[in-house]
Amino acid sequence: MSTSIRIDVPDALAASHSKHGGESGRAWIAALPKLAADFLDRWALRLDGPGRHGMASLVLPVTRADGEPAALKLQPVSEEHATEPIGLRVWDGEAAVRLLDHDPDTGTMLLERLDATRPLSSVADETTAVRILAGLLVRLVSVPAPEGLRRLADIAAAMLDEVPRAVPGLVDPADRKLVRTCASAVAELVGEPGDRLLHWDLHYDNILTGQREPWLAIDPKPLAGDPGFDLLPALDNRWEEAVASGDVAGVVLRRFDLLTEALGLDRQRATGWTLGRVLQNALWDIEDGQTALERAQVTIATTLLRHRAR
């Protein structure tokens, strides 16, 4: 029986839940081995190798009773995670990993197995990688968002409300000015937040090699909004390559141009919503006690602001 199988909880996953979830996070980690064993039994799954983890979830490679490989994803029930199966059902395997089963009470999901050892970040040529990501993003945002998702309109309004309280936490006046500039850009767009189904975290390590298709997106945080709000992860990931090029601004603009052209986005709106994403990250960092903006985010924002009239 699978209940006799030992499920090891990675130390880094336990530390993450303790740090961010406190007592409830530690309780979830303590219950995780039994939760995993219960679902191995309930869904007639056989463990098929070592697990992998992110900041919040444990993913176990498994085999179904019919021999089909799959992945068992375990994560707490939360606002952030609750909408993942909603988005995956709407996409139904189109540019994204396919959802095979879901238990809403625990948030546990059974997913199509992808090759976690081959993320898009392993593609050496950066331009090729950006084009692949852009092609997936075109397909993901091509459908309207269903009911039950968080809305960019609400998130943007909440950010604007938070800015006056957050800005004093930054030491550098230039950082404070940039946050206010980003807030002004969001204020201009908040009345037209869009209605597309967004991934909200499409970076190179959230795209894996699959059997059905060469590349598929994983780990969405589905959101209803404007596709311009989905561009930033593709701009600031692989940042060391941008720095090593000696022309960081040029790399940022090339990535931005590839994305906006592939999606057919208005550059001004896409710039505004990308500044909104910088604002969101800044507010999260300030909430976590940071007193300076992350330098890559500053570079991206200032580069787009200088060139937004192009």
Side-chain angles (χ1 to χ4, degrees), residues 10 12 48-57 59 61 69 71 73 88 91 93-98 111-142 198-221 227-265 267 270-271 274 277-278 281 294-304 307 310:
D48 192 25
R52 291 177 175 267
H53 69 91
M55 295 291 291
S57 63
V59 180
K73 183 174 183 178
L88 292 178
W91 286 315
E94 178 65 30
V97 65
R98 180 165 281 141
L111 302 168
E112 168 185 17
R113 176 102 64 92
L114 304 181
D115 187 351
T117 68
R118 292 186 60 202
L120 185 57
S121 57
S122 67
V123 172
D125 184 72
E126 187 220 12
T127 300
T128 299
V130 176
R131 290 189 186 281
I132 291 169
L133 186 151
L136 289 176
L137 192 54
V138 168
R139 295 161 64 191
L140 293 171
V141 304
S142 67
L198 307 185
H199 184 286
W200 205 1
D201 196 22
L202 193 64
H203 57 74
Y204 301 95
D205 286 327
N206 271 347
I207 298 172
L208 302 179
T209 300
Q211 290 291 325
R212 269 191 311 113
E213 294 195 30
W215 301 102
L216 291 165
I218 64 166
D219 201 24
K221 308 293 185 288
F229 199 65
D230 248 0
L231 304 185
L232 184 62
L235 299 179
D236 72 356
N237 273 216
R238 298 178 71 141
W239 191 249
E240 68 286 349
E241 296 174 36
V243 173
S245 74
D247 180 17
V248 177
V251 172
V252 169
L253 292 173
R254 185 172 69 250
R255 293 176 180 179
F256 186 74
D257 287 345
L258 284 171
L259 292 164
T260 53
E261 288 169 10
L263 276 79
L265 300 181
R267 286 179 56 86
T271 294
T274 301
R277 194 65 176 271
V278 171
N281 288 339
E294 203 271 322
R295 290 300 97 184
Q297 304 270 306
V298 170
T299 299
I300 290 168
T302 53
T303 298
L304 293 181
H307 293 271
R310 283 177 44 189

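None of the values given here were measured: they were computed from a predicted structure.
Sorted by first then second residue, the salt bridge (Lys or Arg N to Asp or Glu O under 4.0 Å) pairs that include residues 206-215, not counting sequence neighbours, are Glu112-Arg212, Arg139-Glu213.
Separation of atoms CG (Leu120) and CD (Glu126) is listed at 10.5 Å; rounding is to 0.5 Å. Rounded to the nearest 0.5 Å, atoms CG (Leu304) and CG (Leu253) are 6.5 Å apart.
Applying the salt bridge (Lys or Arg N to Asp or Glu O under 4.0 Å) rule to Asp219 yields the partners Lys73, Lys221; only residues at least two apart in sequence or on another chain are considered. Residues forming a side-chain contact (heavy atoms from CB on, under 4.5 Å) with Pro119 (at least two apart in sequence, or on another chain): Ser121, Ser122, Asp205, Leu208. For Arg131, the side-chain contact (heavy atoms from CB on, under 4.5 Å) test picks out Thr127, Leu258, with sequence neighbours left out. For Asp115, the salt bridge (Lys or Arg N to Asp or Glu O under 4.0 Å) criterion is met by no residue, not counting sequence neighbours. Residues passing the side-chain contact (heavy atoms from CB on, under 4.5 Å) test with Thr299, sequence neighbours excluded: Trp239, Val248, Thr303. Ser142 is linked by a side chain to side chain donor-acceptor pair (under 3.5 Å) to nothing, counting only residues two or more places apart in sequence or in another chain. Take Asn206 and apply the side chain to side chain donor-acceptor pair (under 3.5 Å) test, not counting sequence neighbours, and it matches Asp201, His203. With sequence neighbours excluded, the residues satisfying salt bridge (Lys or Arg N to Asp or Glu O under 4.0 Å) with Arg113 are Asp48. Checked against side-chain contact (heavy atoms from CB on, under 4.5 Å), Ala270 has the following partners two or more places apart in sequence or in another chain: Leu231, Phe256, Thr260, Leu265. For Glu241, the salt bridge (Lys or Arg N to Asp or Glu O under 4.0 Å) test picks out Arg238, with sequence neighbours left out.
Across every non-hydrogen atom of Leu263 and Ala134, the tightest pair is CD1-O, 4.0 Å. Heavy atoms only, all atoms of each residue included: Ala71 and Val59 are closest at CB-CG1, 3.9 Å.
Between Trp91 and His199, the ring-plane angle classifies as parallel under the 30° and 60° cut-offs.
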